[in-house]
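I have placed the structure first, in the form of structure tokens, so that the comments after it can refer back to it.
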Amino acid sequence: MTDWTAGFELPDEQWVFLDAHAVDGPETAARRVAERGGELDPAYAASVLPELRMLCEQAVQLGAAPVAALVPMVPRVTRPLVPATARVVPQLPPEAGRTTAAIAEVVGARQPYHYLPPEVTEVALPMGPGCRTYEVVLEGEGVDGRPALRESVRWFALPDNYPDGVLEFTVTWPGEAAGPEMLEIAASMVATLALRPAGALA
């Protein structure tokens, strides 16, 4: 997808973009947090930096770009201090074909790490047809002994200007976060997802 660049808009100033492929990508994002103007923001930025670095490492492994992280104005008292992320990952279409039905069949299959069966629907996105998947995933055991859960909503879009692939947009957050609110935020973000000629998006 070298001829095209994916982009989406952030919902508010609590979100920051991460340039995962830049040497100082995590530090640049942390600097934005430090420059918000609050008295505690510099110390807050230093505390979130390790998580931003980990997110950048994961993004590089996935080939994700762009990537955004939610760094709340009011710091969380427990980790993760960065409770939500959004990312775009180009994917190859399923073996059965580049169709919403083929994608729905693949992403709708329940896996051992699923706490609940995935919810899959075919949708019409501004950039083209696609599938939406809502998942609740097991992430081990929480501090209280109960299962630790992570929620995510993923869209798999089939844009006309990316005819050989599928564009995956994912927003993920811990299960104790405000689920319905995060679903609304994720929907507002995917509505701005776009593909433009490389260099046309900031």
Notebook entry, point to check: Looking only at heavy atoms, what is the nearest atom pair of Pro26 and Leu18, with distance?
Noted result: CA-CD2, 4.3 Å
Notebook entry, point to check: Mind checking whether Thr5 and Arg196 have side chains closer than 4.5 Å, heavy atoms only?
Noted result: no
Check: Quick one: CG on Leu193 to CE on Met127, what's the gap to the nearest 0.5 Å?
Finding: 4.0 Å
Can I get a per-line list of side-chain donor-acceptor pairs under 3.5 Å for residues 101-115, giving both atom names and the distance, sequence neighbours left out?
{"from": "Arg110", "atom 1": "NH2", "to": "Tyr115", "atom 2": "O", "distance (Å)": "3.1"}
{"from": "His114", "atom 1": "ND1", "to": "Gln111", "atom 2": "N", "distance (Å)": "2.8"}
{"from": "His114", "atom 1": "NE2", "to": "Glu135", "atom 2": "OE2", "distance (Å)": "2.8"}

Next item on the list: Find the distance between CG (Leu183) and OG (Ser188) and round it off to the nearest 0.5 Å.
Entry: 11.0 Å
Next item on the list: Mind listing the closest non-hydrogen atom pair of Glu13 and Met73 along with its distance?
Entry: CG-CE, 2.9 Å
Notebook entry, point to check: Once the angle between the rings of Phe169 and Trp155 is folded into 0 to 90°, is it parallel (under 30°), tilted (30 to 60°) or perpendicular (over 60°)?
Noted result: tilted
Next item on the list: Find the distance between CG (Leu167) and OH (Tyr162) and round it off to the nearest 0.5 Å.
Entry: 7.0 Å
Note to self: Between Thr172 and Glu151 (side chain of the first, backbone of the second, donor and acceptor by atom type, cut-off under 3.5 Å), is there such a pair?
What the structure shows: yes
Notebook entry, point to check: What pair of heavy atoms forms the shortest contact from Cys131 to Glu122, and how long is it?
Noted result: SG-CG, 4.1 Å
Check: Any chain of hydrophobic side-chain contacts (each under 4.5 Å) joining Val153 to Leu125?
Finding: yes
Next item on the list: Can you see which heavy atom on Asp24 is nearest to which on Arg31, and at what distance?
Entry: OD2-NH2, 4.3 Å
Could you give the side-chain donor-acceptor pairs of residues 84-91 under 3.5 Å, partners two or more places apart or in another chain?
{"from": "Gln91", "atom 1": "NE2", "to": "Glu168", "atom 2": "OE1", "distance (Å)": "2.7"}

Check: So, the side chain of Arg98 versus the backbone of Pro163: is there a donor-acceptor pair under 3.5 Å, distance only?
Finding: yes
Item checked: More than 12 heavy atoms of other groups within 6.0 Å of Asp160 CG -> no
Note to self: Do Phe8 and Val190 have side chains that approach each other closer than 4.5 Å (heavy atoms only, starting at C-beta)?
What the structure shows: no
Just list the side-chain donor-acceptor pairs under 3.5 Å for residues 42-55, sequence neighbours left out, or say none.
{"from": "Tyr44", "atom 1": "OH", "to": "Pro72", "atom 2": "O", "distance (Å)": "2.8"}
{"from": "Ser47", "atom 1": "OG", "to": "Tyr44", "atom 2": "O", "distance (Å)": "2.6"}
{"from": "Glu51", "atom 1": "OE1", "to": "Leu81", "atom 2": "N", "distance (Å)": "3.0"}
{"from": "Glu51", "atom 1": "OE1", "to": "Val82", "atom 2": "N", "distance (Å)": "2.9"}
{"from": "Glu51", "atom 1": "OE2", "to": "Arg79", "atom 2": "NH1", "distance (Å)": "2.7"}
{"from": "Glu51", "atom 1": "OE2", "to": "Leu81", "atom 2": "N", "distance (Å)": "2.9"}
{"from": "Arg53", "atom 1": "NE", "to": "Glu27", "atom 2": "OE2", "distance (Å)": "3.2"}
{"from": "Arg53", "atom 1": "NH2", "to": "Glu27", "atom 2": "OE2", "distance (Å)": "2.9"}

Next item on the list: Could you check if a side-chain atom of Val67 sits within less than 4.5 angstrom of a side-chain atom of Phe17, using non-hydrogen atoms only?
Entry: no
Next item on the list: Indicate the atoms forming the closest heavy-atom contact of Ala64 with His21, along with that distance.
Entry: O-NE2, 3.4 Å
Item checked: Hydrophobic cluster membership, Leu149 vs Val171, 4.5 Å side-chain cutoff -> yes
Check: Which heavy atom of Trp15 sits nearest a heavy atom of Met182, and at what distance?
Finding: CZ2-CE, 4.2 Å
Check: Is it true that Val123 and Leu158 fall in one hydrophobic cluster, defined by side-chain heavy atoms closer than 4.5 Å?
Finding: no
Check: Do the side chains of Ile185 and Trp173 join up, straight or via other hydrophobic residues, at under 4.5 Å, putting them in one cluster?
Finding: yes
Checklist line | Beyond-backbone contact of Arg150 with Val136, side-chain heavy atoms, under 4.5 angstrom | finding: no
Notebook entry, point to check: Under a single-linkage definition using a 4.5 Å side-chain heavy-atom cutoff for Ile, Leu, Val, Met, Phe, Trp and Tyr, are Met189 and Tyr134 assigned to the same hydrophobic cluster?
Noted result: yes
